[in-house]
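Comments concern the structure below.
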Amino acid sequence: MGYKVAVVGATGNVGREMLNILAERAFPADEVVALASRRSLGTEVSYGDKTLKTKTLDNYDFSDTDIALMSAGGDISKEWSPKIGAQGCVVIDNSSAWRYDADVPLVVPEVNPGAVDGFRKKMIIANPNCSTAQLVVALKPLHDLFVIKRVVVATYQSVSGAGKEGMDELFTQTRAVFVTDPIENKKFPKRIAFNVIPHIDVFMEDGYTKEEWKMMVETKKILDPKIKLTATCVRVPVFVGHSEAVNIEFEKPVTADEARDILRSAPGCLVVDKHEPGGYVTPIDAAGEDATYISRIREDITVENGLSMWIVSDNLRKGAALNAIQIAESLVNRKLLTARKRAA
Ligand SMILES: NC(=O)c1ccc[n+]([C@@H]2O[C@H](COP(=O)([O-])OP(=O)(O)OC[C@H]3O[C@@H](n4cnc5c(N)ncnc54)[C@H](OP(=O)(O)O)[C@@H]3O)[C@@H](O)[C@H]2O)c1
């Protein structure tokens, strides 16, 4: 018998991608249910060659559902994930609501697959922030061999990371520039069309933004608490795909050639690194793909044992939906989840 899977937030950017990926990877589901807010009751969403009619999350009974893939934001997750877990359905959550809870595994299957084993404490597994997911996929194989001391990251994050309203704002403002309509900033604090904004999520007391803090804390939880990381997170006028300029200091010496070879055979990584025009990956190349792409690998001669590189991935896939479904697959493959009995 296959599993019953609910996608919560099925009408959103991440939810729609979850439905695509469940179908593409032929996840062993007998039944997939699309859930969203009351606004979307009856809205049709695609699941492979099928069309699902969206139901409302309010009062949905999860007692015969095996997996809830949640991507409806932090507030909904805080309210709903414990209730869904209490009905015996495992929640794989995309928001930041549970990531820092010691009783909730924070998992990137290429990096810390064994962490899923602890999921029964709350029946919740957290998916990391999109920028963290692609970063740790590339750092892990290098950390295993050369031991990372410090990482300095600048991100170039696409507007889809701010949900469908973020994509609409870039589109509307870009159009407004060409037809000389007035430009309104609703989702982003400054104009995003033809601009970059060094501010994602709220400001913290120390001057970092919450997005930057998430990258520091999540890298420690997933990879190694000893790694020091500092980040500057920037929103850029790109629809899909996050990029990162990353500088890494290691305990042991490492050359760019060694790093390239290791990353070439590392799970989830794809190295595209030719020293010629276009011999690197940009967000448009990565959109719709599953890999974490690594380009521009070079030695940083200003520090001992330093490397710089450029990391790009599709934030809606590896940064969210794909990672969540890989977690679900690892529950199945590790035989941690049995499909529940359902009325015929
Ligand atoms: N985008 C990314 O790159 C990314 C990466 C990692 C994590 N995440 C996280 O994933 C979550 C979703 O992001 P997104 O980009 O998909 O956002 P989005 O495009 O704005 O979609 C939000 C989804 O949540 C649903 N929703 C809102 N209020 C609801 C309610 N009261 N009850 C049930 N469903 C409700 C919406 O349904 P309606 O259409 O009915 O409003 C919609 O399906 C967020 O927590 C985000 O932080 C996103």
Side-chain angles (χ1 to χ4, degrees), residues 6-21 33-46 52-60 62 68-81 83-84 91-99 106-108 124-136 155-171 186-188 200-202 210-211 214-215 218 222 233 235-236 238-244 283 286-288 312-327:
V7 174
V8 185
T11 52
N13 277 345
V14 174
R16 284 176 192 270
E17 206 60 59
M18 281 172 166
L19 291 166
N20 289 339
I21 296 173
V33 185
L35 301 173
S37 78
R38 284 182 199 165
R39 293 178 292 272
S40 300
L41 179 64
T43 299
E44 293 191 339
V45 288
S46 300
L52 307 178
K53 275 204 168 34
T54 306
K55 300 179 178 174
T56 49
L57 171 64
D58 291 359
N59 305 320
Y60 188 79
F62 285 86
L69 299 171
M70 289 282 281
S71 70
D75 292 343
I76 305 296
S77 179
K78 273 184 203 142
E79 182 191 342
W80 276 90
S81 297
K83 291 196 234 174
I84 298 172
V91 175
I92 303 175
D93 183 42
N94 263 288
S95 79
S96 57
W98 302 97
R99 289 178 194 153
L106 178 63
V107 180
V108 176
I124 303 172
I125 303 171
N127 218 44
N129 184 260
C130 34
S131 310
T132 312
Q134 66 184 66
L135 179 70
V136 293
T155 69
Y156 304 70
Q157 299 182 218
S158 67
V159 293
S160 58
K164 52 191 175 182
E165 289 170 7
M167 297 181 88
D168 290 347
E169 188 143 316
L170 174 58
F171 183 84
K186 285 193 245 161
K187 183 73 185 172
F188 300 114
I200 302 179
D201 210 332
V202 295
K210 185 87 184 276
E211 187 81 355
K214 286 177 204 166
M215 290 191 79
E218 293 175 18
I222 298 165
C233 291
R235 188 74 70 195
V236 297
V238 165
F239 281 105
V240 176
H242 286 0
S243 309
E244 298 173 341
V312 186
S313 196
D314 182 328
N315 53 296
L316 300 177
R317 292 179 74 93
K318 186 59 201 168
L322 172 65
N323 196 70
I325 289 157
Q326 287 175 309
I327 293 172

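Ligands are counted one by one from 1 in listed order, and the atoms in each one are counted from 1 as well. On a predicted model such as this, the values are computed, not experimentally measured, just so you know.
Counting heavy atoms from C-beta on, the side chains of Val159 and Phe188 come closer than 4.5 Å.
For the atom pair CD of Glu244 and CD of Gln157, the computed distance is 7.0 Å after rounding to the nearest 0.5 Å.
Salt bridge absent: Lys186 and Asp168 never bring a charged side-chain N and a carboxylate O closer than 4.0 Å.
A donor-acceptor pair shorter than 3.5 Å cannot be found between the side chains of Thr56 and Asp58. Side chains of Ser313 and Gln134: no donor on one and acceptor on the other come within 3.5 Å.
The immediate protein surroundings of ligand 1, defined as residues with any heavy atom under 4.0 Å of it, consist of Gly9, Ala10, Thr11, Gly12, Asn13, Val14, Ala36, Ser37, Arg39, Ser40, Leu57, Ser71, Ala72, Gly73, Ile76, Asn94, Ser95, Cys130, Ser160, Gly161, Gly163, Lys164, Asn315, Leu316, Gly319, Ala320.
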Using a 3.5 Å cut-off and no angle test, enumerate the donor-acceptor pairs between side-chain atoms of residues 319-326 and protein atoms at least two apart in sequence or in another chain.
unit_1 : atom_1 : unit_2 : atom_2 : d
Asn323 : OD1    : Lys318 : NZ     : 2.7
Asn323 : ND2    : Val107 : O      : 2.9
Asn323 : ND2    : Asn127 : OD1    : 2.7
Gln326 : OE1    : Lys318 : NZ     : 2.5
Gln326 : NE2    : Glu110 : OE2    : 3.3

